[in-house]
Protein chains: 2
Amino acid sequence: MALTDDAIAKIRSMIQSGELPPGTRLPPEPQLAAQMGLSRSGVREAVKVLESARVLDVRRGDGTYVTSLAPRLLLQGLGVAVELLRDDTLLEVMEVRRMLEPMATGLAALRMTDADLDELGQILQDMRAAAGDAEKLIQFDAAFHHTVVATTGNETLTSLLDGLSGRTLRARVWRGLIEGNAAHQTIEEHHTIYLALRARDQLLAQASALLHVNTSEAWLRTVLGATSSDR
Amino acid sequence: MALTDDAIAKIRSMIQSGELPPGTRLPPEPQLAAQMGLSRSGVREAVKVLESARVLDVRRGDGTYVTSLAPRLLLQGLGVAVELLRDDTLLEVMEVRRMLEPMATGLAALRMTDADLDELGQILQDMRAAAGDAEKLIQFDAAFHHTVVATTGNETLTSLLDGLSGRTLRARVWRGLIEGNAAHQTIEEHHTIYLALRARDQLLAQASALLHVNTSEAWLRTVLGATSSDR
DNA sequence: CGCCGGCAAACGTCCGATGTCTCTATAGTG
DNA sequence: CACTATAGAGACATCGGACGTTTGCCGGCG
């Protein structure tokens with residue numbers, strides 16, 4: 001189990017050391033294989049792993065390149081990881097969001113531009129119009145929070161929170177919200193956050209975001225409780 | 001580029017759907033290949049990717065099994081991702097830690113047991129004894145923060161913060177601290193956090209953790225500034 | 001009852017061949 | 001001269017088979 005993993009480590013360390021800066025093209029697979037002392041098969045496995053981590057970008061017929069290594073890419077894996085977490089750990093994820101999202105929203109209140117606010121207002125309007133359509137609600141909900149956090153200008157923070165709010169997790173919460181006739185109330189929570197942001201009120205934005213996450217957590221608890229008692 | 005990626009998606013979705021619960025043994029590679037309609041090579045690449053994500057556990061001579069899917073495993077990849085981030089995004093990571101770590105430390109103040117406090121005290125003592133030895137300081141520093149956050153009982157939170165405080169990042173900060181003769185002061189910051197935790201004072205713990213992260217960030221800025229002006 | 005050796009199963013690695021896609025340079029055309 | 005179509009080379013995608021190594025298990029032996 002050493003050869004392929006060694007290759008992974010070697011390539012990774014070459015990138016980390018700056019020997020292979022973003023955008024660099026790697027040698028062809030056969031040459032890379034010779035260079036690292038293993039067969040082409042092993043190299044392919046190593047490259048595939050790094051490709052799945054968005055560290056390498058393999059272009060068929062062309063070559064293999066080092067990606068930009070932007071946080072948006074490297075932290076993308078967090079999302080798929082969260083999707084695989086078991087139900088009983090989803091509450092842990094919620095607890096993290098409970099800490100992070102209010103802080104991020106508060107920070108956004110300080111950094112948000114008028115254009116950002118207009119975009120948010122539009123999303124809010126879309127959300128209201130989509131009431132009843134679970135699929136769209138989930139989509140606009142994701143867009144709303146993503147937009148808010150993105151205005152902090154911190155791509156790492158944005159990617160992290162995006163990953164923590166995985167699609168499945170979000171879908172479950174909304175399922176609970178809709179079945180519990182709480183969708184309308186939740187949409188209004190977004191409005192409250194919007195108002196706080198528009199007022200550039202950091203503390204208010206923070207508080208309203210916390211309330212919102214808390215609502216989500218409560219409904220997630222309901223959904224999880226219901227499914228576990230189904231057995 | 002479809003076959004292997006399809007296989008990855010298939011296996012992942014089988015796990016997510018509960019069809020392959022933690023601990024399950026997958027069919028042998030040749031059989032899995034037939035089942036998914038591709039060669040053994042492709043299956044191996046897919047399995048390797050999921051193994052690197054700590055989703056599968058491949059035991060040579062035995063078989064391939066689904067891991068426990070614990071957050072500690074699945075979120076491990078965050079660490080290697082952070083290690084690959086470019087210098088200019090490390091400040092973004094610090095900003096996230098600035099939000100998350102104080103909250104986590106504050107929470108720890110509420111949940112910490114006497115045994116946890118004793119362990120922390122021991123680490124603090126070790127840290128003081130190691131003054132001057134950068135390697136040990138880094139190690140005890142990591143142990144200190146890990147222990148604090150671990151007492152929250154939130155494994156997801158712990159894994160996340162562990163990943164965000166990658167070894168390389170920590171090493172750089174301590175390099176700055178030592179060269180700037182600020183190591184002693186930083187050790188005392190740990191003591192301050194410890195006292196707040198011992199007093200079960202959430203707000204004080206939160207504040208002292210924020211100060212501490214801020215110090216780290218300042219020294220990271222120094223280190224980054226120095227290296228970039230080296231050119 | 002416990003230890004030990006051998007067998008079978010499964011993963012690790014390698015090799016060679018063929019398919020398919022991209023990019024590029026080149027020849028041809030208007 | 002500029003543009004376009006095309007052929008070729010280069011590179012990844014996939015396959016099939018072979019052989020080595022490790023592990024787990026089971027039966028035999030002391």
Side-chain angles (χ1 to χ4, degrees), chain A residues 1-15 19-69 73 76-77 80, chain B residues 1-15 19-69 73 76-77 80:
Chain A
M1 207 228 269
L3 286 243
T4 299
D5 290 285
D6 280 354
I8 296 175
K10 276 183 193 169
I11 298 176
R12 193 154 46 198
S13 86
M14 279 195 291
I15 292 175
E19 191 178 339
L20 295 175
T24 309
R25 176 181 178 157
L26 266 62
E29 285 170 357
Q31 187 177 332
L32 205 55
Q35 180 180 332
M36 322 195 89
L38 80 170
S39 74
R40 205 189 137 203
S41 319
V43 168
R44 280 191 56 76
E45 288 177 19
V47 167
K48 192 77 190 174
V49 166
L50 294 173
E51 184 197 14
S52 80
R54 300 290 188 274
V55 172
L56 296 180
D57 179 23
V58 181
R59 305 180 204 161
R60 179 172 183 177
D62 184 1
T64 302
Y65 300 81
V66 179
T67 69
S68 69
L69 302 180
L73 293 177
Q76 204 169 312
V80 301
Chain B
M1 208 227 269
L3 286 247
T4 299
D5 290 288
D6 279 355
I8 296 176
K10 276 183 193 169
I11 298 176
R12 192 154 48 199
S13 87
M14 280 193 291
I15 293 175
E19 190 178 338
L20 295 176
T24 309
R25 175 182 177 155
L26 267 62
E29 285 171 356
Q31 187 177 331
L32 204 54
Q35 180 179 331
M36 320 195 95
L38 78 171
S39 73
R40 198 187 149 207
S41 320
V43 169
R44 281 190 56 75
E45 288 178 18
V47 167
K48 191 77 191 172
V49 165
L50 293 173
E51 185 196 15
S52 80
R54 300 289 187 274
V55 173
L56 296 180
D57 180 22
V58 180
R59 304 178 205 163
R60 182 172 182 177
D62 184 2
T64 302
Y65 301 80
V66 179
T67 69
S68 68
L69 302 180
L73 293 177
Q76 204 169 313
V80 302

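Chain letters run A, B, ... following the sequence lines, proteins first and then strands; every chain starts at 1.
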Send over the distance from [X] [atom1] to [N] [atom2], rounded to a whole Å.
X: Leu26(B); N: dA9(C); atom1: CG; atom2: C1'; result: 16 Å
X: Asp57(A); N: dA11(D); atom1: CG; atom2: P; result: 16 Å
X: Asp5(A); N: dC11(C); atom1: CG; atom2: C1'; result: 13 Å
X: Arg59(B); N: dA10(C); atom1: CZ; atom2: C1'; result: 13 Å
X: Arg25(A); N: dC12(D); atom1: CZ; atom2: P; result: 7 Å
X: Ile8(B); N: dT14(D); atom1: CD1; atom2: P; result: 10 Å
X: Leu38(A); N: dG20(D); atom1: CG; atom2: P; result: 19 Å
X: Glu29(B); N: dT13(C); atom1: CD; atom2: C1'; result: 11 Å

OP1, OP2 of [N] versus side-chain N and O of [X]: anything below 4.0 Å?
X: Thr64(A); N: dC12(D); answer: yes
X: Ser41(A); N: dG12(C); answer: no
X: Arg44(A); N: dA13(D); answer: yes

With respect to the side chain of [X], which nucleotide from [options] is positioned closest?
X: Asp62(A); options: dC12(D), dT14(D), dC23(C); answer: dC23(C)
X: Pro28(A); options: dC11(C), dC15(C), dA11(D); answer: dA11(D)
X: Arg60(B); options: dT13(C), dA13(D), dC11(C); answer: dC11(C)

Revision key, fill the gap. All heavy atoms of Ala33(A) vs all of Val43(A), minimum pair found to be CA-CG2, 3.4 Å

**Study point:** Donor-acceptor pair present, Arg40(B) side chain and dG12(C) base, under 3.5 Å
**Key:** yes

**Study point:** Option passing salt bridge (charged side-chain N to carboxylate O under 4.0 Å, His left out) with Asp57(A) (candidates Arg54(A), Arg60(A), Arg59(A))
**Key:** Arg59(A)

Review point. So what does Gly63(B) hit on the nucleic acid, given a heavy-atom distance under 4.0 Å: a base, only sugar-phosphate, or nothing?
Key: sugar-phosphate

How long is the span from the [atom1] atom in [X] to the [atom2] atom in [Y], to the nearest 0.5 Å?
X: Leu26(A); Y: Gln31(A); atom1: CG; atom2: CD; value: 10.0 Å
X: Arg44(A); Y: Ser39(A); atom1: CZ; atom2: OG; value: 11.0 Å
X: Ser41(B); Y: Arg40(A); atom1: OG; atom2: CZ; value: 10.0 Å

